[in-house]
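Chain letters run A, B, ... following the sequence lines, proteins first, then strands; residues in each count from 1.
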Amino acid sequence: MDRQRRVKQAWTIARIELRRAFFSRRAFWVYGLALFPAVIFFFYNLSIQIRRSSLQSGSLTTPALIDSIRIGERDEDILARLGKTKRDYRWQSNIRVRDKEEKSGITTHKIDPAYEARYVRLNIMVPTCSSDRTTRIYEFEVYGPDGATNLALHRPVTGSTPCSADEGPEKAVNGSVAGGIKDRWCSHEPRSYLQVDLGEPRPIGSIVIRHASAGGESAEFDTCRFSVQATNDNKIFATVVGATGTRLVEEITWHRNLVYFDGRREVRLSFTDGRLTAKNEKLLVDFEEDRKVFAGVFQFFYLRLAIFFGCLGIFMNLFRGEMLDKTLHFWFLAPARREVLLAGKYGAGLIASSVIFAFGTLACIAVLLSGHSSAEVQQYWQSAGSAHLFWYTAAAVLGCIGYGSVFVAAGLLLRNPIIPAAVLLAWESVNGFLPALLQKLSILYYLQSLCPVPAPVDGDMPALLRLLLAPAAPASKAGAVIGLLAVTAVVLWLAALAIRRIQISYSTEA
Amino acid sequence: MTSLSVVFDEVSKFYGEVLGVNRVSMNIPPGITSLVGPNGSGKTTLMNLMTGLIHADAGTILMRGISPRDPEKLMRITGYATQYDAAPRWATGFSFITTGLLLFGYSRSEAEQQAWKALEQVGLTDAAHRKVAAYSKGMRQRVRLAQAIAHDPEIILLDEPLNGLDPLVRAGTIELFRTWANRGRHVILSSHVLQEVDLISDQVILIANGMIVAEGKIRDVREEIQEHPSQFIVRCDDASRVASLLFDEDHVTEIRLNEDRLGLLVMTRDRERFSRSIGRIATNGHVIDSIIPADENVDALYEYLIGEGK
Ligand SMILES: Nc1ncnc2c1ncn2[C@@H]1O[C@H](COP(=O)(O)OP(=O)(O)OP(=O)(O)O)[C@@H](O)[C@H]1O
Ligand SMILES: [Mg+2]
């Protein structure tokens with residue numbers, strides 16, 4: 001009899017308090033939190049819609065044509081078959097490479113007409129085109145106009161200080177390149193030179209120089225810039241080969257991207273030098289992907305932040321708001337037990353927060369589904385859809401139950417809402433690190449176990465963040481519901497102890 | 001019989017270090033009882049203790065046999081108009097009282113009927129549907145009164161109920177108190193002006209500094225205060241001479257000389273005649289350095305209640 005009356009009283013209190021819970025100015029931002037994901041998904045859908053209509057005008061083709069595209073096809077062929085697309089992007093890339101025509105590391109320099117001289121001199125202006133400063137010449141050959149015999153072979157030769165005793169200038173006229181690095185003339189001197197004495201003035205028709213790569217070293221070490229001079233008296237020099245080097249040419253690659261759309265897929269075709277090298281297909285709207293995104297948003301934003309702070313706003317306000325307004329004593333002067341008052345107020349907060357956040361969840365899912373084809377949605381609906389919907393809503397409501405109890409208790413025990421919020425948020429965040437027993441004292445632990453789709457935790461997140469976000473070892477769904485209700489019951493029992501001891505003292509409250 | 005009284009037994013309440021009330025014992029029978037004392041004397045504290053809004057640190061309180069810790073029972077028979085001048089933002093006078101009544105288990109129509117009756121009693125029917133927040137001070141005072149009595153309580157606690165009422169309304173309100181008292185209810189109100197309540201009360205309880213100074217029917221209290229001997233410390237050069245002069249006065253009941261012979265403690269039954277005597281002695285050439293009342297509680301209360309009223 002008494003019990004029935006108390007239940008009725010609590011319900012009466014809850015009905016009166018619903019106004020405060022739903023419309024309190026202090027808690028209006030709760031609506032913003034609850035509807036935020038739905039709004040975000042709405043704008044996401046809108047952006048997809050805009051992209052679709054823009055793709056449809058000017059890039060539309062058929063699925064069959066897209067499937068017919070093969071790697072290696074020419075861009076013009078594809079354009080002819082699929083039609084022009086608005087999304088046609090071309091650009092070119094240039095890189096400097098050694099002339100492919102040139103045999104590796106060997107340069108030949110014609111001297112026409114032939115020049116007669118006794119001494120021939122190789123001046124190194126820039127030893128290599130890289131940062132290396134060492135000159136490496138494997139062979140320096142001088143030919144007459146007939147080009148038959150190497151006039152420099154085994155002739156006396158002078159030059160800049162060699163790198164070592166067995167890398168002297170004579171190695172450049174020994175007729176061989178095959179003996180490894182001991183078969184070269186090498187010098188560290190800047191602007192080094194090499195001079196061959198042909199014995200008597202001879203007509204010179206061409207010069208062949210074998211650089212580093214001719215001897216098996218990296219082409220990077222081939223001489224970058226040099227010139228050849230000739231003289232008879234070692235006083236007057238004629239430049240027979242003007243400043244030149246191993247030849248670099250620009251290599252130009254032509255790139256082209258074409259984008260087509262078949263109503264579902266967006267295909268990006270990448271061409272290099274006119275041939276198709278890559279074909280990337282992407283679904284414009286990917287239902288599976290979107291559901292994963294929703295799972296992440298729900299766990300990381302909704303459960304952890306929106307419901308957490310929403311309940312903070314609604315439930316802390318139930319008692320604290322009345323203390324600030326100096327109206328709490330009206331409740332204490334009613335013919336009701338303090339516990340009944342607690343039950344009534346908690347009930348009001350629970351109804352309000354559950355309605356707000358369940359609605360927020362449903363709204364978000366509805367917006368999400370609205371962006372997809374009805375066939376896909378129907379199929380989802382028939383498979384996992386309704387179970388997902390149920391568990392997401394249940395998690396939201398249970399979140400309100402759990403966090404609500406904590407914040408109604410905090411509102412009775414503490415003056416400043418910031419402190420319990422910060423402590424609790426920290427507690428819930430480090431939950432993953434706690435020993436198993438303590439984990440069970442966290443609301444989030446149970447809520448995460450209820451979520452039907454695991455939240456995507458990216459492999460390349462920082463390890464610490466991953467630990468924070470990754471759910472602790474999940475409990476079974478039934479276990480999670482029972483565990484959460486048990487934690488709530490304990491917290492509410494503490495709140496009941498607290499409310500019995502509360503005294504009206506407005507003066508010191510503000 | 002005790003179960004029909006409001007009984008305090010050695011009740012103390014401290015706000016941290018600050019004294020609220022100290023070892024208060026009293027027995028209030030039905031009828032109009034006024035708690036009278038200056039600001040900060042502990043009137044509100046007593047009423048809050050009676051209704052369980054605050055809890056006593058020591059002692060026991062029984063309201064017609066019910067502990068203030070049991071609001072479910074107590075608040076059915078108790079109505080309390082507090083001094084806190086606040087009402088929910090959303091409330092009109094009518095909805096405010098109706099809402100409160102719903103918690104008593106009344107149906108909505110019953111509650112509305114009762115609320116209307118209460119508003120009629122305090123003469124607020126015209127403003128019943130306006131927001132309480134927009135009421136004048138006197139109207140808010142009356143709506144709190146109506147809220148306290150809407151469920152026909154047996155014990156009616158009113159914290160400074162006459163504050164801010166114009167003479168016409170005040171007369172009507174006092175008449176209400178009388179009606180309720182005649183029906184055997186407790187009407188306990190507080191005031192800091194003795195004149196305001198002495199004619200209407202069956203009993204007056206004088207409080208100062210958290211203690212009951214005098215208690216009883218109004219005439220008794222007056223006499224008790226008048227005749228309460230006052231003590232003064234008089235500092236002067238020739239204390240023994242002044243002492244002998246004072247001793248001739250018949251209102252002086254006792255004189256004690258200080259050891260340093262520079263001061264004396266005088267106990268008198270009549271403060272006014274005492275001050276006249278001191279004046280005479282001073283004009284006769286005796287140097288009086290200072291007169292310090294030694295019994296501040298009662299002295300201050302006397303000044304406050306009687307002195308101001310004249
Ligand atoms: N919440 C509180 N915290 C600290 N001290 C308090 C509190 N409420 C009252 N007091 C102190 O207790 C004493 C009694 O206060 P109380 O409000 O009972 O006086 P009162 O007789 O009702 O005064 P008034 O005529 O101004 O209403 C005062 O000294 C007051 O400062
Ligand atoms: Mg007061």
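Using a 4.0 Å cut-off between charged side-chain N and carboxylate O, B:Arg144 and B:Asp85 make a salt bridge. In summary, B:Glu72 and A:Arg6 engage in a salt bridge, as defined by a charged side-chain N under 4.0 Å from a carboxylate O.
If you look at A:Tyr392 and A:Tyr302, their ring centroids are not closer than 6.0 Å. Taking the six-membered ring wherever Trp is involved, the centroid distance between the rings of A:Phe309 and A:Tyr403 does not fall below 6.0 Å.
Among residues 344-367 of chain A, no residue has any heavy atom closer than 4.5 Å to a heavy atom of chain B.
For B:Arg69, the parts lying near chain A are the backbone and the side chain together; criterion is any non-hydrogen pair under 4.5 Å. Interface residue A:Phe330: only side-chain heavy atoms are found under 4.5 Å from chain B. When heavy atoms are compared at a cutoff of 4.5 Å, A:Ala334 approaches chain B by way of both its backbone and its side chain. Looking at B:Thr82, only its side chain comes within 4.5 Å of chain A, counting heavy atoms on both sides. Using a 4.5 Å cut-off between heavy atoms, A:Leu328 does not touch chain B at all.
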Query raised in the report: Which is it for B:Asp57 and B:Ser12 under the side chain to side chain donor-acceptor pair (under 3.5 Å) test, yes or no, and what are the steps along the way?
Result: CA-CA 6 Å; B:Asp57 297 314; B:Ser12 297; over 6 Å; no
Report task. Could you give me the CA-CA distance, side-chain angles and deciding distance for B:Asp159 and B:Tyr84, then say whether side chain to side chain donor-acceptor pair (under 3.5 Å) is met? Result -> CA-CA 9 Å; B:Asp159 201 352; B:Tyr84 309 118; over 6 Å; no
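Between chain B and the options A:Ile16, A:Leu333, A:Thr327, A:Asp325, heavy-atom pairs under 4.5 Å are most frequent for A:Leu333. With respect to chain B, the highest number of heavy-atom pairs below 4.5 Å among A:Lys8, A:Arg15, A:Arg19, A:Arg338 belongs to A:Arg19.
Here the straight-line distance linking atom CG of A:Leu305 with atom CG of A:Leu312 works out to 12.0 Å at 0.5 Å rounding. Atom CZ in A:Arg304 sits 9.0 Å away from atom CG in A:Leu425 (nearest 0.5 Å).
Among the candidates A:Phe301, A:Phe407, A:Phe300, A:Phe315, the single residue satisfying the ring pair (Phe, Tyr, Trp, His ring centres under 6.0 Å) test with A:Phe308 is A:Phe407.
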